[in-house]
Amino acid sequence: MTIDQQVQHVEIPRPRPLKSIVYMIVSFFFRILQFVLIVTGLAVGIATVVVWIGFPILMATTNFIRWSADRERGWARKMLGTPLEPVERLPLEGLTLVKRWLTRLTDATTWRDLAYLMLAFPLACVELPIALASIVLLPMAIWVTPWLAWLHGNLAFTFLGPNRTQRLEQKAEHLQASRARGVDAAEAERRRIERDLHDGAQQRLVAVAMSLGRAKSKFDQDPDAVRELIDEAHLDAKLAVSELRDLARGIYPAVLGDRGLDAALSAQAAKSPIHVDVQVDVEPRPPAAVETTAYFIVGETLTNIAKHSGATEAGVKVWRTDSMVIVEITDNGHGGAEVRPGGGLAGLADRAATIDGVITVVSPPGGPTVIRADLPCQW
């Protein structure tokens with residue numbers, strides 16, 4: 001996926017039926033007011049510009065267009081879930097009243113605002129009867145109205161969302177932050193491996209060397225002691241091999257590479273002290289980096305659930321869309337989990353960020369807890 005494709009691709013959620021109906025009905029009355037005031041203001045302002053009175057009318061109309069578009073952004077974000085944030089406009093500080101107006105006219109955002117508001121009124125005339133009919137007709141309320149609201153949300157994002165330059169800047173900032181978090185996560189993983197080697201296998205191998213050295217020095221004088229030292233060295237060597245195998249499995253488990261996520265996550269669930277139900281459907285198989293990230297997110301989450309949540313059962317569901325692998329872990333514990341700096345969930349978020357993924361945590365007091373990871377298959 002190219003940068004341009006990533007910039008253009010934004011997931012617009014499907015609105016809920018009730019909010020869709022309320023949005024369409026309430027918006028209709030605002031759209032009438034907006035359309036009448038804007039058309040009247042532009043018509044009167046242009047017609048009277050030759051006698052100068054048209055200029056303040058056009059200035060007021062321009063301000064109203066921008067104000068109305070800002071209200072529309074907040075309204076669509078609240079009711080339809082469209083990811084519309086306040087847009088960046090050309091700076092106006094230190095300019096006179098006339099120059100401010102001319103700057104607003106040269107701002108492409110102003111004309112995109114006007115285009116949306118002019119399109120919104122005829123759309124509202126179509127949406128209102130559909131919304132009113134949805135109050136009575138349940139199938140229309142469940143399927144037709146949310147779909148129509150979703151289309152409206154896409155239209156609103158096209159005109160009222162950030163332009164291509166702003167999206168590129170936002171993408172660059174997001175990638176920079178993800179890279180920084182990925183570097184931190186990799187450094188933390190390196191320190192963990194170094195600590196495990198130093199405290200585990202390295203100590204075992206030092207003990208093996210010492211035991212063999214002592215055995216060598218006693219080889220001729222005390223054969224029985226030599227036998228005991230060799231047995232001790234043999235035991236330490238086996239423990240060192242076991243610890244190295246566990247360490248290698250922690251870096252990249254063999255079952256994941258050989259048999260994929262389904263088998264690897266099932267093996268994790270079998271080791272959990274609580275019952276874990278696993279459902280995996282990720283065909284075609286995702287890239288290795290995505291599989292590894294999903295595997296460790298599930299493993300660390302199940303460990304945290306067993307230690308801290310008080311849950312008696314958990315569920316792991318993994319599925320794939322065209323461009324994403326979604327990992328969802330639920331438990332019936334006491335809830336209250338949240339992402340804290342330096343905490344376990346923050347570590348999961350950092351691990352997901354290494355491939356531009358996102359972690360979402362929903363954990364109200366009393367439970368249940370839902371931890372979701374959206375992991376892109378292309379980045």
Side-chain angles (χ1 to χ4, degrees), residues 185 188-189 192-193 195-196 199-201 239 241-283 285-320 324-340 342-355 357-375:
E189 186 71 6
R192 182 190 69 82
I193 294 172
R195 183 179 63 251
D196 290 346
D199 297 340
L239 291 174
V241 169
S242 177
E243 290 174 356
L244 286 173
R245 186 182 296 113
D246 291 340
L247 182 61
R249 189 180 297 113
I251 297 173
Y252 188 79
V255 66
L256 180 60
D258 296 339
R259 300 172 58 191
L261 266 177
D262 195 357
L265 296 183
S266 297
Q268 279 188 334
K271 297 177 183 177
S272 176
I274 64 174
H275 174 72
V276 180
D277 180 55
V278 178
Q279 300 178 38
V280 179
D281 182 12
V282 289
E283 295 298 332
R285 189 168 176 176
V290 178
E291 285 189 333
T292 304
T293 303
Y295 176 84
F296 284 109
I297 286 175
V298 171
E300 292 173 27
T301 301
L302 291 180
T303 299
N304 291 335
I305 289 173
K307 288 182 178 179
H308 308 297
S309 72
T312 58
E313 59 182 28
V316 176
K317 187 177 181 181
V318 185
W319 70 96
R320 178 169 181 172
M324 305 280 287
V325 168
I326 294 94
V327 180
E328 195 171 87
I329 306 112
T330 60
D331 69 66
N332 63 347
H334 50 63
E338 59 182 355
V339 180
R340 301 184 184 90
L345 291 177
L348 295 182
D350 290 340
R351 186 181 286 275
T354 60
I355 58 170
V358 178
I359 294 287
T360 306
V361 179
V362 179
S363 183
T369 295
V370 179
I371 297 176
R372 172 177 168 135
D374 295 85
L375 308 175

**Message:** If you define the side chain from C-beta out and look only at heavy atoms, does anything of Ile274 sit under 4.5 Å from Thr312?
**Reply:** no
**Asked** How many angstroms lie between atom CG of Asp331 and atom NE2 of His308, to the nearest 0.5 angstrom?
**Response** 12.0 Å
**Message:** Restricting to side chain to side chain contact (heavy atoms under 4.5 Å, CB included), what partner residues turn up for Ala294, sequence neighbours left out?
**Reply:** Leu261, Val327, Leu375
**Message:** Show every side-chain hydrogen bond (donor to acceptor under 3.5 Å, both in side chains) that has at least one partner inside residues 358-373, sequence neighbours left out.
**Reply:** Ser363-Thr369, Arg372-Asp374
**Request:** Would you confirm whether Gln268, through its side chain, and Tyr295, through its main-chain N or O, come within 3.5 Å as a donor-acceptor pair?
**Result:** yes
**Prompt:** Is the shortest heavy-atom distance from the side chain of Ile359 to the side chain of Ile297 under 4.5 Å?
**Reply:** yes
**Prompt:** Under 4.5 Å between any side-chain heavy atoms of Leu302 and Val316, yes or no?
**Reply:** yes
**Prompt:** Does Pro368 have any side chain to side chain contact (heavy atoms under 4.5 Å, CB included) partners at least two apart in sequence or in another chain, and if so, which?
**Reply:** none
**Separation between NZ of Lys317 and CG of Leu265, rounded to the nearest 0.5 Å** = 14.5 Å
**Item:** With sequence neighbours excluded, residues passing side chain to side chain donor-acceptor pair (under 3.5 Å) with Gln279
**Value:** Asp277
**Request:** Indicate yes or no: at least one non-hydrogen side-chain atom of Leu348 is less than 4.5 angstrom from one of Val361.
**Result:** no
**Message:** Working note: Val290 + Val282, criterion side chain to side chain contact (heavy atoms under 4.5 Å, CB included); need CA distance, chi angles, decisive distance, verdict.
**Reply:** CA-CA 11 Å; Val290 178; Val282 289; over 6 Å; no
**Partner residues of Ala267 under the side chain to side chain contact (heavy atoms under 4.5 Å, CB included) criterion, sequence neighbours left out** = none
**Item:** All side chain to side chain contact (heavy atoms under 4.5 Å, CB included) counterparts of Thr303, not counting sequence neighbours
**Value:** Lys307
**Fill in**
Between Gly260 and Glu291, the two heavy atoms sitting closest are CA-OE2, 4.1 Å
**Asked** Between Val298 and Val278, does a side chain to side chain contact (heavy atoms under 4.5 Å, CB included) hold up when you go through it step by step?
**Response** CA-CA 10 Å; Val298 171; Val278 178; over 6 Å; no
**Request:** State whether the side chain of His334 and the backbone N or O of Gly366 hold a donor-acceptor pair below 3.5 Å, judged by distance alone.
**Result:** no
